[in-house]
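See below for the structure under consideration.
So you know, we letter chains A, B, ... as the sequences are listed, proteins then strands, and number each from 1. These numbers come from a predicted model, not from an experiment.
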There are 2 protein chains.
Amino acid sequence: MDVLKLENQLCFPVYALSRHITSLYRPHLENIGLTYPQYLVMMVLWEHQHVTVKELGNKLWLDSGTLTPLLKRMAENGLLIRKRSEQDERVVNIIITEKGENLKQEAVDIPSKLIKELATDEKQFFLLQKQINQILSVKSSQNV
Amino acid sequence: MDVLKLENQLCFPVYALSRHITSLYRPHLENIGLTYPQYLVMMVLWEHQHVTVKELGNKLWLDSGTLTPLLKRMAENGLLIRKRSEQDERVVNIIITEKGENLKQEAVDIPSKLIKELATDEKQFFLLQKQINQILSVKSSQNV
DNA sequence: TGCAATTAAATTGTTTACAATTTAATTTTA
DNA sequence: TAAAATTAAATTGTAAACAATTTAATTGCA
């Protein structure tokens with residue numbers, strides 16, 4: 001087996017599926033004014049109301065180089081507030097706003113829509129990780 | 001189950017794993033002067049020697065907006081030549097150079113290194129897609 | 001105590017991604 | 001055959017990602 005053939009790669013399907021999933025989310029998230037990484041931030045805030053940038057980075061595996069500009073954009077859109085901690089001036093707290101809280105109602109139907117788009121039924125969705133290649137071949141045949 | 005909790009997402013692990021894999025590739029690819037998407041292009045060229053931008057886009061699921069600047073950088077690095085087709089002036093052919101061909105020898109050991117870094121043995125690697133969450137939880141515990 | 005080490009964000013610079021539009025060439029069809 | 005439709009790349013603009021560095025605050029320890 002030629003280990004440098006694209007078809008023999010196991011990493012490429014993960015990379016391609018990740019972008020495919022993001023593209024499925026995009027139209028739904030666009031309706032509520034979010035990008036996919038911003039949606040991930042909102043999910044953390046819907047659960048916790050406030051987190052530090054550091055904590056957010058640990059949960060999403062993103063560093064401040066990615067998060068700082070992303071959170072500034074979200075603050076401009078009124079979804080959260082960036083507030084430097086008074087106990088430790090190095091720390092920046094990210095606090096969800098009323099507008100951010102309200103957005104949850106508009107987002108609540110998105111996951112079920114994604115399930116429908118990614119797979120034919122819920123059961124198949126929960127086997128997703130086992131079926132990366134199969135789903136990619138479906139997308140592939142749709143595109144050709 | 002709260003469908004908007006991060007821990008209940010099935011798409012986030014795919015997104016996180018994809019970035020994790022890229023970060024594992026990075027030091028190896030840096031040694032031979034490639035980024036991960038550029039490495040994907042080289043794999044196509046090592047197999048086919050020449051392709052059109054359109055064909056490359058179909059294989060990698062990337063559009064000309066991504067590929068054009070990426071291919072220009074690779075052409076600057078001498079890995080390939082961009083040559084507009086004479087039969088159809090709309091088409092741009094991407095042709096691998098001698099330097100690009102020679103790079104394959106330097107890349108040939110990378111996949112086996114990745115297997116070792118992603119999983120403990122080759123068998124486990126081939127179960128990768130079934131184990132996304134498990135591998136992510138390993139990475140998670142390493143990071144905390 | 002006071003200086004070195006560590007830590008948290010921010011900044012800088014480069015490289016993807018990708019939507020939307022533009023440009024130029026080729027096909028189709030009225 | 002000439003205008004309309006289609007196609008392939010390129011361009012423009014925005015938003016991630018992330019390495020490397022910088023800034024400023026806090027901790028640790030000599």
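- At whole-Å resolution of the value, CG in A:Leu67 and C1' in C:dA9 are 10 Å apart.
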What's touching nucleotides 2-7 of chain D from the protein side, N or O pairs under 3.5 Å?
unit_1: D:dT7; atom_1: O2; unit_2: B:Arg90; atom_2: NH1; d: 3.2

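- Grouping the Ile, Leu, Val, Met, Phe, Trp and Tyr side chains by contacts below 4.5 angstrom, directly or via other members, places A:Leu40 apart from A:Ile95.
- Across the protein-nucleic acid pair, A:Leu40 atom CG and D:dA15 atom P stand 17 Å apart, rounded to whole Å.
- Interatomic distance, B:Thr97 OG1 to B:Met74 CE, rounded to the nearest 0.5 Å: 9.0 Å.
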Readout for nucleotides 11-23 of chain C: B = base within 4.0 Å of protein heavy atom, S = sugar-phosphate only, - = neither; 5' to 3' it is B---SBBBS----

Let me have the donor-acceptor pairs involving side chains of residues 26-39 of chain A, under 3.5 Å, with sequence neighbours excluded, atom names and distances please.
unit_1: A:His28; atom_1: NE2; unit_2: A:Glu117; atom_2: OE2; d: 2.8
unit_1: A:Thr35; atom_1: OG1; unit_2: A:Gln38; atom_2: N; d: 3.3
unit_1: A:Gln38; atom_1: OE1; unit_2: A:Thr35; atom_2: N; d: 3.4

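- With sequence neighbours excluded, the residues that form a salt bridge (charged side-chain N to carboxylate O under 4.0 Å, His left out) with A:Lys104 are B:Asp2.
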Go through A:Ile94 and A:His50 one step at a time and tell me if the side-chain contact (heavy atoms from CB on, under 4.5 Å) criterion holds. CA-CA 5 Å; A:Ile94 305 301; A:His50 57 90; over 6 Å; no

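- Distance, A:Lys83 NZ to C:dA9 C1': 16 Å, rounded to whole Å.
- Both A:Leu60 and A:Ile110 belong to a common hydrophobic cluster when Ile, Leu, Val, Met, Phe, Trp and Tyr are linked at side-chain heavy-atom distances under 4.5 angstrom.
- Here A:Gln87 lies in heavy-atom contact (under 4.0 Å) with sugar-phosphate atoms only.
- Between B:Arg84 and D:dA8, a side-chain N or O to OP1/OP2 separation shorter than 4.0 Å is absent.
- Residues forming a salt bridge (charged side-chain N to carboxylate O under 4.0 Å, His left out) with A:Glu98 (at least two apart in sequence, or on another chain): none.
- B:Asp88 is linked by a salt bridge (charged side-chain N to carboxylate O under 4.0 Å, His left out) to B:Arg90, counting only residues two or more places apart in sequence or in another chain.
- The distance from atom CG of A:Asp88 to atom C1' of C:dA9 is 11 Å, rounded to the nearest whole Å.
- The CD-P distance, from B:Glu86 to C:dT26, rounds to 12 Å in whole Å.
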